[in-house]
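As structure tokens, the structure follows; a few thoughts come after it.
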Amino acid sequence: MDSDKLHYVLVLDRSRKARSLRQLYEAVVADRAEDARLEVSIGDIRGQSGIELRERDRHRVLSLRLQDEHMSPYCQTNMNLFQLLMLDERTEMSIYRAQRAWLLVFRGVTSGPRPFGTQGYDPR
């Protein structure tokens, strides 16, 4: 399982989710002005002025329903639809400003479904 790999969602400013992400970013930055800003590069995507989201702010990212933008031309990601649907408050999240876009970086995302049930599968 590659749970320490960086997963990302890049939401371009033309996306319908960009306004909500900008409002979230501005609210978190205003609340935590003293925190150091982070930078990240993923391939040719460069995120700057980033901030780690606390657990209480992560629900705002989850409520955006990023999985709705999975097939949008204004959204780029290295995650599949299953991974987007399985995000929860335990997933570490950071938000960055990118060139004409917003970059969300996730750590601790599972690569696939975990086995469950007595024999490692659903017995129904």
Side-chain angles (χ1 to χ4, degrees):
M1 191 181 302
D2 53 346
S3 61
D4 44 336
K5 176 184 171 194
L6 285 181
H7 291 83
Y8 72 91
V9 175
L10 180 72
V11 179
L12 303 178
D13 281 341
R14 297 181 67 189
S15 169
R16 58 188 174 163
K17 305 285 183 178
R19 183 176 179 199
S20 300
L21 282 170
R22 186 194 62 188
Q23 291 171 346
L24 168 65
Y25 179 82
E26 289 172 353
V28 170
V29 167
D31 185 40
R32 298 168 48 197
E34 72 285 346
D35 287 6
R37 298 295 176 256
L38 309 170
E39 294 204 8
V40 68
S41 289
I42 303 172
D44 60 346
I45 302 168
R46 190 166 161 265
Q48 53 197 8
S49 301
I51 192 160
E52 187 81 26
L53 296 178
R54 295 180 181 149
E55 192 166 343
R56 68 172 192 220
D57 297 321
R58 294 176 189 165
H59 76 281
R60 293 180 66 182
V61 172
L62 299 174
S63 69
L64 288 175
R65 298 180 48 86
L66 293 170
Q67 65 269 18
D68 294 347
E69 296 288 295
H70 187 253
M71 299 298 286
S72 168
Y74 304 121
C75 183
Q76 300 172 17
T77 184
N78 64 348
M79 298 167 49
N80 60 40
L81 187 56
F82 172 81
Q83 291 169 322
L84 286 170
L85 288 167
M86 295 308 292
L87 293 175
D88 62 11
E89 284 88 3
R90 293 183 305 250
T91 307
E92 293 178 35
M93 302 177 192
S94 304
I95 186 170
Y96 298 84
R97 183 73 183 126
Q99 185 175 354
R100 294 191 303 276
W102 296 98
L103 176 65
L104 290 163
V105 175
F106 303 94
R107 288 178 187 82
V109 177
T110 61
S111 58
R114 293 190 184 107
F116 63 98
T118 54
Q119 281 84 36
Y121 59 90
D122 186 1
R124 284 179 276 177

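The residues of the chain are indexed from 1 along the displayed sequence.
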| message | Between Leu53 and Arg60, is there a side-chain heavy-atom distance shorter than 4.5 Å? | response | no
| Is there side-chain contact between Glu92 and Glu52, with at least one heavy-atom pair below 4.5 Å? | yes
| task | Answer yes or no: is there a side-chain heavy-atom contact under 4.5 Å between Arg46 and Glu39? | result | yes
| Taking C-beta and beyond as the side chain, do Arg32 and Ile51 meet within less than 4.5 Å on heavy atoms? | yes
| said: In the structure I gave you, are the side-chain heavy atoms of Leu66 and Phe106 within less than 4.5 Å of one another anywhere? | reply: yes
| note | Between Asp31 and Arg54 the two heavy atoms that sit nearest each other are OD2-NH1, 4.2 Å
| said: How close do Asp13 and Ala18 get, counting heavy atoms only, and between which atoms? | reply: O-CB, 3.6 Å
| Do the side chains of Leu24 and Ile95 get nearer than 4.5 Å, heavy atoms only? | yes
| field | Within residues 78-87 or reaching into it, pairs that qualify as salt bridge (Lys or Arg N to Asp or Glu O under 4.0 Å) - sequence neighbours excluded | value | none
| said: For the OG atom of Ser15 and the CG atom of Leu10, what is their distance to the nearest 0.5 Å? | reply: 10.0 Å
| Would you say the side-chain atoms of Gln83 pair up with the backbone N or O of Thr110, donor to acceptor, closer than 3.5 Å? | yes
| request: May I ask you to decide if Ser49's main-chain N or O and Arg37's side chain share a donor-acceptor pair within less than 3.5 Å? | output: no
| message | Just verifying a value: how many Å separate Leu62 CG and Met93 CE, rounded to the nearest 0.5 Å? | response | 4.0 Å
| query | Do the non-hydrogen side-chain atoms of Lys17 and Arg65 ever get within less than 4.5 Å of each other? | reply | yes
| task | Kindly compute the distance separating CG (Leu104) from OH (Tyr8), expressed to the nearest 0.5 Å. | result | 12.5 Å
| If we only count heavy atoms from C-beta on, is the Arg14 to Arg100 side-chain gap below 4.5 Å? | no
| What heavy-atom pair brings Leu103 and Val40 nearest, and what distance separates the two atoms? | CD2-CG1, 3.8 Å
| said: Nearest 0.5 angstrom please: Arg97 CZ to Leu21 CG, how far? | reply: 10.0 Å
| message | As an exercise, state the distance from CZ of Arg107 to CG of Leu6, rounded to the nearest 0.5 Å. | response | 5.0 Å
| About how many Å separate SG of Cys75 and CG of Leu84, when rounded to the nearest 0.5 Å? | 7.5 Å
| field | Heavy-atom neighbours of Gln48 CD exceed 12 at 6.0 Å | value | yes
| query | Closest approach of Asn78 and His7, non-hydrogen atoms and distance? | reply | OD1-CA, 3.4 Å
